[in-house]
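Notes follow once the structure below has been shown.
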Number of protein chains: 2
Amino acid sequence: MYLPAYASADREQCIATWGAHIFRYSDTWDDAHQRAIAHAANEGLYYVHPFDDIRTLEGQGTLGLEILADVPVVDLVLIGVGGSGLIGGVAAALKQTRPGIRIIGVEPAGAPIMTVSLNAGRLVELPAVHSIADTLSPRALSERTLDLALRYVNEVALVTDALMVEAMRWLWTECNQLVEPTGAAVIAALQSGAVEVARYAAPVAIICGGNVDVACVFAGYAVE
Amino acid sequence: MYLPAYASADREQCIATWGAHIFRYSDTWDDAHQRAIAHAANEGLYYVHPFDDIRTLEGQGTLGLEILADVPVVDLVLIGVGGSGLIGGVAAALKQTRPGIRIIGVEPAGAPIMTVSLNAGRLVELPAVHSIADTLSPRALSERTLDLALRYVNEVALVTDALMVEAMRWLWTECNQLVEPTGAAVIAALQSGAVEVARYAAPVAIICGGNVDVACVFAGYAVE
């Protein structure tokens, strides 16, 4: 398992308990990705892409099926955009089952990869991303995730870093859920009015992403 | 609303959004409690006790009703012991509905207020408590919570601070739930074997208590 430098120690420890070998001398997502591909090629291993793999996408899609089971009347689903795998898999599952459900992606204004790709109708590589969540995303969609977005995503809303952090605080204070900035992006879109839900009967927002480093919190609970 | 000094800034802010006046020059739970009683007496206000009030206990009891609705076959419920209001209300609701359900309280080994009170069969005041959760509990049960414990709690398990913190870490790493030490006490009891659940068909553990200060985490998400 290749991890970029920004992955939290908590996540590394969690992955390690599943028996994975961790490689962590990569600085960025792109770098970790390239090193993992090279490693797999050199050793004849199968490379599991974190989002651009049909099996990964199908796994994400099961979340869409769970939503349909839990909220049969769902008519709007908000999904954060990181690597675009979560939204691709979930949107495909929802739309293939019930084409009338509206799918809205939410991404950082400083890393609008899906917005620019959908506007262009083709793959576009961002020269750079400028967001508190900048290390969480590659700078371009893949052929596969672009195709899914073009077919199944109705619109994409943008939220600023400040709004995402405000939404993070709200989720912690009101719901006792501590999530990463992109995990709170859907809440930011609702709080800011970037997405209006009043005319929907049963809107659902997926809050996903707990890659938060809480080592400083546990330091306060040192047991003698 | 009187808060002891250890209450987190997050909680204070949350309470303030509901329009409460916050008084916070108290060091301990006992002190905040006494000051609130005096304040209420001086101004002719109704004092809402955080656990030793029939209406507070009835409110806690609704959690027992929710468990019965969600898990109709429940036969064991583990509940952390802090002020003893949560366990008192929930145990009463469960046992009055279904006397066969086993209720196990879990409390810090260094603050065994319910253990010593049930063993004595009467109110006992601990001279002191020595636990990472020491500020969370008064040093004695009340007449009312002792009565509830005697009638509805089958046994009490003790867990060490180290086990509670280990359980906190597990809840964060595996479930993305960040809770306070007594909130994780029930998990500590399961992980340590202090409570054996193998012979129960449908055990339920209540994870309650999010009084964790995460200011240091949010400091890492400062937006320019």
Side-chain angles (χ1 to χ4, degrees), chain A residues 6-18 70 108-110 130-136 159-185 188 207-224, chain B residues 6-18 70 108-110 130-136 159-185 188 207-224:
Chain A
Y6 58 81
S8 78
D10 291 344
R11 294 299 102 174
E12 175 172 341
Q13 197 180 341
C14 180
I15 294 165
T17 63
W18 300 332
D70 287 345
H130 304 284
S131 166
I132 205 165
D134 59 358
T135 47
L136 292 169
V159 289
T160 64
D161 284 5
L163 286 171
M164 283 192 286
V165 173
E166 196 179 309
M168 275 179 75
R169 284 191 188 277
W170 184 86
L171 278 166
W172 170 251
T173 306
E174 297 296 328
C175 310
N176 271 93
Q177 294 295 327
L178 190 60
V179 304
E180 65 192 60
T182 47
I207 296 161
C208 177
N211 189 29
V212 181
D213 193 339
V214 297
C216 65
V217 172
F218 280 100
Y221 289 101
V223 175
E224 290 145 31
Chain B
Y6 57 80
S8 79
D10 292 343
R11 294 299 103 174
E12 175 171 341
Q13 197 180 343
C14 180
I15 294 165
T17 63
W18 301 332
D70 287 346
H130 304 283
S131 165
I132 204 165
D134 59 358
T135 48
L136 292 170
V159 289
T160 64
D161 284 5
L163 286 171
M164 283 193 286
V165 173
E166 194 179 310
M168 276 180 75
R169 282 190 190 278
W170 184 85
L171 278 167
W172 170 249
T173 306
E174 296 297 327
C175 310
N176 271 93
Q177 294 295 328
L178 189 62
V179 303
E180 66 192 59
T182 46
I207 296 161
C208 179
N211 189 27
V212 181
D213 193 337
V214 297
C216 65
V217 172
F218 280 99
Y221 289 100
V223 174
E224 290 144 30

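Quick note on labels: first sequence line is chain A, next is B, and so on, each numbered from 1.
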Item to check | Interface moiety of B:Thr17 toward chain A, non-hydrogen atoms closer than 4.5 Å | outcome: side chain
Checklist outcome for this item: Between B:Asn176 and A:Gln177, the two heavy atoms sitting closest are O-OE1, 4.0 Å
Next on the checklist: If we define contacts as heavy-atom pairs under 4.5 Å, which of B:Asp161, B:Val165, B:Asp213, B:Thr160 has the most with chain A?
Outcome noted: B:Val165
Checklist entry - Which atoms form the tightest heavy-atom contact between B:Tyr221 and A:Asn211, and what is the distance? => result OH-O, 4.0 Å
Next on the checklist: Quick check: closest heavy atoms across B:Cys216 and A:Val217, and the distance to 0.1 Å?
Outcome noted: SG-N, 3.7 Å
Next on the checklist: Less than 4.5 Å to any heavy atom of chain A: does that hold for the side chain of B:Gln13, its backbone, both, or neither?
Outcome noted: neither
Item to check | Atom of A:Val212, atom of B:Trp172 and distance for their closest heavy-atom approach | outcome: O-CZ2, 3.5 Å
Next on the checklist: What part of B:Met164 gets within 4.5 angstrom of chain A, counting heavy atoms only: side chain, backbone, both, or neither?
Outcome noted: neither
Checklist entry - Just how far is it from atom CZ of B:Phe218 to atom CE of A:Met168, taken to the nearest 0.5 Å? => result 4.5 Å
